[in-house]
Amino acid sequence: MPDSNSSRRNIDPDWWRQAVVYQVYPRSFSDHDGDGLGDLRGVTDRVPYLRALGVDAVWLSPFYPSALADGGYDVDDYRDVDPRLGTLEDFDEMATALHNAGIKVIVDLVPNHTSDRHAWFREALAAEPGSKARQRYVFRDGRGENGDEPPSDWQCAFGGPAWERVPDGQWYLHLFAPEQPDLNWDNPEVHEEFRDILRFWGDRGVDGFRVDVAHGLAKDLSEPLAAAADLHEELTLRGEHPLWDRDDVHDIYREWRKVFEEYDPPLAAVAEAWVHPTRRGRYADPEGLGQAFNFDLLQAAWSAPGFREIIERNLDEVAETGTSSTWVLSNHDVVRHATRYGLKGTDTAAGQAWLAEGGRAEDVDRERGLQRARAATMLILALPGCSYLYQGEELGLHEVGDIPDDQRQDPTWFRSQHTRKGRDGCRVPLPWQSGGTSYGFGAGGAHLPQPDWFAEVSVQAEEDDPDSTLRMYREALRLRRELQGPEELSWEGQDTDVVHFSRPGGWHSVTNMGAAPVTLPEGEVVLASRRLDGDRLPPDTTAWLVT
Ligand code: NOJ
């Protein structure tokens, strides 16, 4: 193992507070061995690219052994690498290469559920109802005379019932796919196991964790189980929902914090918790995970007052707990922001609706979408706090909306009786070159079909184009490093359609979200999301200025 704890001691413990974190979806990033699936050596090959891009950390979506029933979020073994993606040695090599390039490593932890191929679940299936092995999961007898009705009418996140029957007649709970049985966090053995998994990766030198479904672990499953119709949002707001965002989930994170503090500097963590904004702070508590994703801008429509309100609220929120904010526009679960912003509605719901209607490229104003995406990215990169980027957004990639139905992989598609297209369109393997096999993704094919337009948005094509999105991201990250100071922001300007703020030291970010050009404020323009002509800022454009 490359990184002993002692070699980490010079690291600023606050490195995560204003970092740019780049999300790698390993199966679709870069394929070293040419089997059509991205792998860890593929990531190592691209470390120079990541370094040139200027990111501070890489977050890897799950690379663990998995049958890929949910893109790797169905984990067979938390302490290993999927053989198709490499080995633990490959992981070590990758982590060393990233660390040598000054890039931190964040791994994805999936504690709400294992896969149905995990040793514990196999053991549970082989064991008797009521056995110790079954108590690691949520097994129940069914309702009805023969127990052949599920224990409750709950639906899973991908559609269909949240209970699956096993041959001896019992049912187990899966809030996601049936291949993702929920763990029973009332069982101390589960707590112990996950503390040990944290240490396994901490000892291997990772710098932090992204915690999947952080709001789901603690559950109240006392009988009688509530009916789905009674699971109201008010319960969530009181921390009393039986399944989501319960107050007692934070006891788990307080335990984990003790493990994080065993390392120097302490391991960092960010919660993926789709909770009401008023309850997000608990996940970001310094005694808990320390940071939580704010998905508010990702879900917002294109509107300056809307953006300002979200920014203001989030900065107030983080001030309360002392954490730093997190800004996200795209990830592996949502329609890419370049596409969303090219639709009539521009929020995530509009993205889903567009996909449902066929995801046709002709229904997207791709040029406007890209201009807005570039402007929004520059805006978030100027905000105090952390920015999370999703692989391919630095190329301005659009969603691949028209994947043939017979090539879809996402469980959402299968579980919704083919009514919801799911998330494959943002997970298509990246184009590194303008031609050749799988656009340079690897020597084999790509596990999801790549469209012809990838030729124009490949890394190779964009390297050579001074106006490309890739060149804009690189320059933005370089300037951000240079200009970024304390986590403070002052609102500037009066125009309702413009988001204008400054950071200490005279760094201004101005985004015109209205329909008409506006006059730029005083100052030297150091970067703009498109070429400027004179002192006017066109619609859908961000400029950074220094004064
Ligand atoms: C959130 C992940 O981001 C998503 O991809 C996954 O399907 C669910 N959690 C279940 O693990």
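Whatever order the structure lists them in is the order used to number ligands and atoms, beginning at 1. These numbers come from the heavy atoms of this one structure, side chains and all, not from hydrogens, waters or symmetry mates.
- Proximity of Arg79 to Tyr64: side-chain heavy atoms (C-beta onward) are nowhere separated by under 4.5 Å.
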Salt bridge (Lys or Arg N to Asp or Glu O under 4.0 Å), that's the test. Do Glu240 and Arg246 meet it? Break it down for me. CA-CA 6 Å; Glu240 290 168 10; Arg246 295 180 58 75; over 6 Å; no

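- A donor-acceptor pair under 3.5 Å is formed between the side chain of Asp31 and the backbone N or O of Gly36.
- Protein residues having a heavy atom under 4.0 Å from any atom of ligand 1 are Asp70, Tyr73, His113, Phe158, Phe176, Gln180, Arg210, Asp212, Val213, Glu272, His332, Asp333, Arg423, Arg427, listed by chain and number.
- Using bins of under 30°, 30° to 60° and over 60° for the plane-to-plane angle, the ring pair Phe293/Trp59 lands in the tilted bin.
- Between Phe176 and His113, the angle of the ring planes lies from 30° to 60°, which puts this pair in the tilted group.
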Under the side-chain contact (heavy atoms from CB on, under 4.5 Å) criterion, do Trp185 and Asp248 qualify, and how do the steps go? CA-CA 10 Å; Trp185 277 88; Asp248 43 350; over 6 Å; no

